[in-house]
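Down below is the structure, laid out as structure tokens.
No hydrogens, no waters, no symmetry mates; every other heavy atom, side chains included, goes into these values. In what follows, chains are A, B, ... by sequence order, proteins preceding strands, each numbered from 1.
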2 protein chains.
Amino acid sequence: MIELKAEQLEIIQKMSVFQVRAGMPPTEARILSLLLVSDRTELTFDEIRETLNTSKSAVSTALNTLVLRNKVESITIPGDRKRYFKHQLKNWNANAKDGLEKLLSVNQLLKEILAVRTSETEDFNQDLKNVIAFIDFMQVELVQVFDKWNKQQQIENK
Amino acid sequence: MIELKAEQLEIIQKMSVFQVRAGMPPTEARILSLLLVSDRTELTFDEIRETLNTSKSAVSTALNTLVLRNKVESITIPGDRKRYFKHQLKNWNANAKDGLEKLLSVNQLLKEILAVRTSETEDFNQDLKNVIAFIDFMQVELVQVFDKWNKQQQIENK
DNA sequence: AAATTAGTTCTTTTAATTCAGAACCAAAAG
DNA sequence: CTTTTGGTTCTGAATTAAAAGAACTAATTT
């Protein structure tokens, strides 16, 4: 059982609310938040369960999907049967990119809609074309922004 | 009751699934999708209800939240008691910006976390600093991307 | 090999969303 | 002023999602 200061508990609370609003299931959100604030960065299954006061089954399924989604990594230490779980901060960047690309993929559907629309509604169709152009534009620009960041990082790490 | 071709129905279906996955309630998603594909772009409450074969209450609450969220606009024609509902394509851009900014606002919390973290975990803290720097970077870049788009639009519309 | 550990998987319970149906209300028409 | 139209609001009811609990499994100690 991990001892947490009031501050840390508060942040877990706020951070979880934020992530739940963004569509993440509560237990997953609380695990991720715990892994961000706890003094030890690698926690065992049982430490997580005890600290969050949650059932084994809930922790097990949440951890498994978090690992699957590359949000958490599971580490095994030789000679220690327990697995340790750690926040995959390093993947934040890539996860963000994936998330954004999923959002932008709506453009495929919008293009289908445009193809099917009556030509009678000129103004509306023009607005739709604009949205499509905007999303296409964002797609290109975002790739560039990510590239720029990666290059900048390579230089700094030299 | 709006007549829809098989194609249109199919797209409503696909588009709704997409939006529901992104967290939108089914009725809202189907209304938005209908307003995107239907030949007439301004539909009455009852046309929507009949076409989607849904209850008045569901349509009423869904439309009201869609209007509140600036996804749909409600138009009144003088001498006609009905309200007409239209997809707010024009706001797509602004809604996207708001959505992204909300996502990036997680950085506030990450900074709080960094402030509270033990200094023992150097590597982890460095990774966290990196994420924060990345989000700060994205914030600046995205503003520029939006500006670039807006300028480009102004030029085209001259 | 018995018992414990570290978790998984299946079933049930609980809680939250979503929708429908009916009652209701305000504006307009007859 | 009564009726109709165009919705809204207020219960439930049904569905869905999340969590708990218990039974299970595969290693590991003892």
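- A ring-centre distance under 6.0 Å is not found for B/F146 and A/F137.
- Using a 4.0 Å heavy-atom cutoff across all strands shown, B/K56 reaches at least one base atom of the nucleic acid.
- Across the protein-nucleic acid pair, B/E50 atom CD and C/dA20 atom P stand 14 Å apart, rounded to whole Å.
- For the segment residues 23-46 of chain A, residues with any heavy atom less than 4.0 angstrom from an atom of DNA chain C are, sorted by number, A/F45.
- Side chain of B/S60, nearest nucleotide from D/dA27, D/dT8, C/dT8: D/dT8.
- Computed from coordinates, the A/K82 NZ to C/dT5 C1' distance equals 9 Å when rounded to whole Å.
- In this structure the side chain of B/E120 never reaches within 4.5 angstrom of the side chain of B/N125, judged on heavy atoms.
- A donor and an acceptor atom, one from each side chain of A/Q19 and A/S33, are nowhere located under 3.5 Å apart.
- The side chain of B/S57 sits closest to C/dA20 out of D/dA20, C/dA20, D/dA27.
- At whole-Å resolution of the value, CD1 in B/I48 and C1' in D/dG6 are 13 Å apart.
- The interatomic distance linking B/L68 (CG) with D/dT8 (C1') rounds to 15 Å, in whole Å.
- Residue B/N64 has its side chain nearest to D/dT8 when only D/dA20, C/dA20, D/dT8 are considered.
- OP1 or OP2 of C/dA6 has not a single side-chain nitrogen or oxygen of A/R83 nearer than 4.0 Å.
- In this structure, the CG atom of A/N53 is 13 Å from the P atom of D/dA19, given to the nearest Å.
- Between the C1' atom of C/dG7 and the OH atom of A/Y84 lies a distance of 14 Å, rounded to the nearest Å.
- The same ILVMFWY cluster, assembled from side-chain heavy atoms under 4.5 Å apart, contains both B/I2 and A/V116.
- Rounded to whole Å, the distance from CZ on A/R81 to C1' on D/dT30 is 13 Å.
- Minimum interatomic distance between B/S74 and B/R83 (heavy atoms only, all atoms of both residues): OG-NH1, 3.2 Å.
- Other residues, nucleotides and ligands contribute at most 12 non-hydrogen atoms within 6.0 Å of the CD atom of B/E122.
- Rounded to a whole Å, the CG atom of B/D80 is 8 Å from the P atom of D/dG6.
- Atom CG of A/D147 sits in a crowded spot, with more than 12 heavy atoms from other residues, nucleotides or ligands closer than 6.0 Å.
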